[in-house]
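Below: the structure, in structure tokens.
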Amino acid sequence: MDKIVVKGGRKLKGAVKIGGAKNAVLPIMTACLLTRGVSVVTNVPGLRDVVTMKSVLERLGVVGSLDDHTLTIDTSGLSGFEAPYDLVSTMRASIYVLGPLLAACGKAKVSLPGGCAWGPRPVDLHIRAMQELGATIEIDHGYIVAEAKGLKGRPIKFSIPSVGATANTVMAASLAEGTTRIINAAKEPEITALAEFINSMGGRVRGAGTDTVVVEGVKELHPAKFRTIPDRIEAGTYLIAGAITGGKIEIEDACPEHLEALILNLRQAGVGVECSGSVISVRGKRDIASVDVLTSPFPGFPTDLQAQYMTLMTVARGNCVISETVFKDRFTHVPELRRMGADIKIEGNTAHVGYVKRLSGAPVMATDLRASAALVLAGLIAEGETHISRVYHIDRGYEGIEQKLGALGAQIERVPE
Ligand code: EPU
């Protein structure tokens with residue numbers, strides 16, 4: 001296992017290019033199951049999660065290859081219908097095969113993902129939506145076993161605007177008979193990207209990006225070529241890296257409209273942020289102000305940037321409150337940040353963050369993807385060296401983070417543990 005070693009104290013300068021969005025690519029990969037043939041997705045990040053999803057598809061008889069950010073998926077040999085425990089337990093997004101397999105093959109067997117580091121994370125909304133579309137579902141030996149003799153479109157109302165359940169439903173409904181109206185759908189840009197991909201396959205999905213998505217089922221879809229949207233969470237993490245180091249960086253190939261909530265918070269904190277086309281420029285300042293945050297579904301402040309933002313707030317003047325409303329226990333980064341000298345108290349789903357003059361480098365352990373990013377950010381400004389172990393988490397969502405930060409002037413390297 002490798003670890004990342006960061007020596008703090010450098011102001012970041014220069015330009016960084018953002019890759020394609022992991023959370024858009026994952027459902028797009030499984031949407032390829034809705035047809036037979038070769039689909040091509042470009043701007044695909046070279047990430048561990050993408051490789052895991054490729055393995056999930058390969059177990060189904062699909063042939064996939066990822067070469068220079070171009071992913072080719074050939075579903076001609078689709079023969080299986082099972083996503084096994086060994087893969088689902090390493091990546092929950094494997095559940096994205098449920099809807100497409102049911103729609104395309106009439107059956108699916110998907111391991112239940114189980115809990116994760118920050119809570120139970122149920123999949124009841126996915127299951128209920130498939131049942132509403134006409135599938136019969138049993139839970140058997142830890143697996144969701146689903147069958148359907150032709151899905152039927154109908155209105156589906158979610159109690160929570162779940163990204164995953166919306167994506168699974170859109171995929172399943174695309175080949176259902178009739179129209180499915182998804183009420184209280186997730187509005188995340190990754191859902192819009194998925195809808196655009198399905199439409200480029202000949203599908204009829206309208207309203208993506210709003211809270212009502214209407215899917216008119218079609219008899220068949222065809223393979224397609226698609227370019228993935230920029231990864232808003234990677235972009236947001238580099239924005240915070242610029243802000244926290246008092247640096248001056250240009251974030252290229254990004255989509256500023258997907259990051260409005262973070263940009264507003266940073267500006268309120270006194271950080272200079274300018275957007276021009278696909279470039280976001282950030283000018284950090286020596287003293288920045290504390291600004292409260294409440295995470296919420298898009299277009300609210302993303303839960304996937306909460307940990308990184310909290311690192312920034314540890315050295316912001318004043319006290320602030322960070323409330324996590326999407327996942328109740330998503331605070332695994334807090335004990336590690338405290339070990340670096342941060343003043344953070346947790347009360348339920350709220351973190352009270354006080355000002356400290358500096359963080360100090362320490363050995364810390366990454367517990368999930370975004371927590372790892374928060375610790376790297378902390379390392380960039382800490383006195384001395386920060387050793388972040390279990391970096392396999394970071395490889396799930398940040399391609400070449402040490403090269404990208406290194407090119408901006410950070411002292412960062414990956415070394416064997
Ligand atoms: N929920 C349920 N039942 C369900 C599904 C979700 O109660 O059947 C709850 C969850 O427990 C949570 C809320 O609904 O409290 C929202 O969860 P959602 O389903 O929207 O999350 P997800 O689809 O599992 C995706 C991203 C996450 C991101 C969330 C929220 C992917 C592969 N994952 O997860 O990304 O945090 O949406 O935006 O798209 C990450 O990239 O680091 C990451 C964790």
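Ligands are counted one by one from 1 in listed order, and the atoms in each one are counted from 1 as well. When reading the values below, keep in mind they use all heavy atoms of this one structure, side chains included, and skip hydrogens, waters and symmetry mates.
Residue-level contacts of ligand 1 at the 4.0 Å heavy-atom threshold are K22, N23, A93, Y96, W118, R121, P122, V123, D124, L125, H126, I160, S162, V163, G164, T303, D304, V326, F327, R330, L369, R370.
Pairing each heavy atom of L151 with each of A135, the nearest pair is CD2-N, 4.2 Å. Minimum heavy-atom separation, E324 to T295: OE2-OG1, 3.0 Å.
Applying the ring-ring contact (aromatic ring centres under 6.0 Å, His included) test to residues at least two apart or on different chains, the pairs with a partner in residues 166-209 are F197-F226.
The shortest distance between side-chain heavy atoms of P299 and E260 does not fall below 4.5 Å. Within the 4.5 Å cutoff, no side-chain heavy atoms of L305 are placed close to those of R370.
Taking CD of E413 as the reference point, atom NZ of K3 lies at 10.0 Å (rounded to 0.5 Å).
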